[in-house]
Amino acid sequence: YGKETWATENGYTMNPNPWTSSTPLGAAKLYIRQVLAHVQAGSPRIYFYALFDNGNEKGGANFGIVDENGSPRPAYKALKAFIELLEGGTSSSSDSLGYTLKADGSVRQLLISKGNGTFILAVWQPVAVHSGENHNSNVNNSPVQATLTIPGGADIRQFLPSTHGT
């Protein structure tokens, strides 16, 4: 309809009781995926449900990326590092870099142009990040074999929410 779509109330509870909960490390990975998915869909604004936990209020849902004591969770650290990485970037068509990506399995990708001649190519697997009865165990997914070809070469660096979120 030609209207902007804002992505609101994104987040994951880290309470070990609800069936929709996540581990803190799993939430760090999922928050980054949410940002990428919303940018890919063209959402100009992305909002998260809670910055701070509400403690035991309302059953202690623990949606905050900062806990009730003011300590940043892995999701906060991963988002902070990712936002710093993306600063000044806009989503771009995949032909503006002229790259090809061949990967085994299901892989998603998003190319972001920084406006200064540099690009960020985000590549991720849409796979589980936690398991267990209450999603209280992290899943270490197997790596996917991938080949990235960039004409003329490039300086390549890796960003992993699991390490930037710790």
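Quick caveat, the model's predicted, so the values are computed rather than measured. Positions are given from 1, in the same order as the sequence printed here.
- The two residues K114 and E87 make their nearest non-hydrogen contact at NZ-O, 2.7 Å.
- Scanning all heavy atoms of the two residues, the minimum distance from A28 to A78 falls at CB-CB, 4.1 Å.
- Tracing side-chain contacts under 4.5 Å through hydrophobic residues (I, L, V, M, F, W, Y), one reaches V144 starting from Y99; they form part of the same cluster.
- Atom CG of L86 and atom CD1 of I120 lie 5.0 Å apart (nearest 0.5 Å).
- In terms of hydrophobic clustering, with Ile, Leu, Val, Met, Phe, Trp and Tyr side chains grouped at heavy-atom distances under 4.5 Å, I150 and L121 are assigned to a common cluster.
- Across A75 and I65, no two heavy atoms sit closer than the pair CB-CG2, 3.8 Å.
- Taking all atoms of both residues into account, the shortest heavy-atom contact from Q109 to Q40 is O-NE2, 2.6 Å.
- Taking CD of Q145 as the reference point, atom NZ of K102 lies at 13.0 Å (rounded to 0.5 Å).
- Across G64 and R73, no two heavy atoms sit closer than the pair O-NH1, 2.7 Å.
- With R33 contributing its side chain and Q125 its backbone, the two residues share a donor-acceptor pair below 3.5 Å.
- Evaluation of the side-chain contact (heavy atoms from CB on, under 4.5 Å) rule for Q34 yields N10, Y12, Y31, H38, F48 as partners, not counting sequence neighbours.
- A search for side-chain contact (heavy atoms from CB on, under 4.5 Å) contacts involving V66 returns L51, F52, Y76, not counting sequence neighbours.
- In this view, E9 satisfies the side chain to side chain donor-acceptor pair (under 3.5 Å) rule with no residue, not counting sequence neighbours.
- One finds the CG atom of L111 at 6.0 Å from the CZ atom of F119 (value rounded to the nearest 0.5 Å).
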When you look at I46 and V39, which way does the side-chain contact (heavy atoms from CB on, under 4.5 Å) test go after all the steps? CA-CA 8 Å; I46 303 167; V39 168; 4.1 Å; yes

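- The shortest heavy-atom contact between L148 and I156 is CD2-CD1, 4.1 Å.
- Considering only residues two or more places apart in sequence or on other chains, R157 meets the side chain to side chain donor-acceptor pair (under 3.5 Å) condition with D155.
- Checked by atom type and distance alone, the side chain of S43 pairs as donor or acceptor with a backbone atom of T5 at under 3.5 Å.
- Distance alone, capped at 3.5 Å, places no donor-acceptor pair between the N69 side chain and the S71 backbone.
- With sequence neighbours excluded, the residues satisfying side-chain contact (heavy atoms from CB on, under 4.5 Å) with A146 are L101, A103.
- When the side-chain contact (heavy atoms from CB on, under 4.5 Å) test is applied to R108, the partners found at least two apart in sequence or on another chain are W124, P126.
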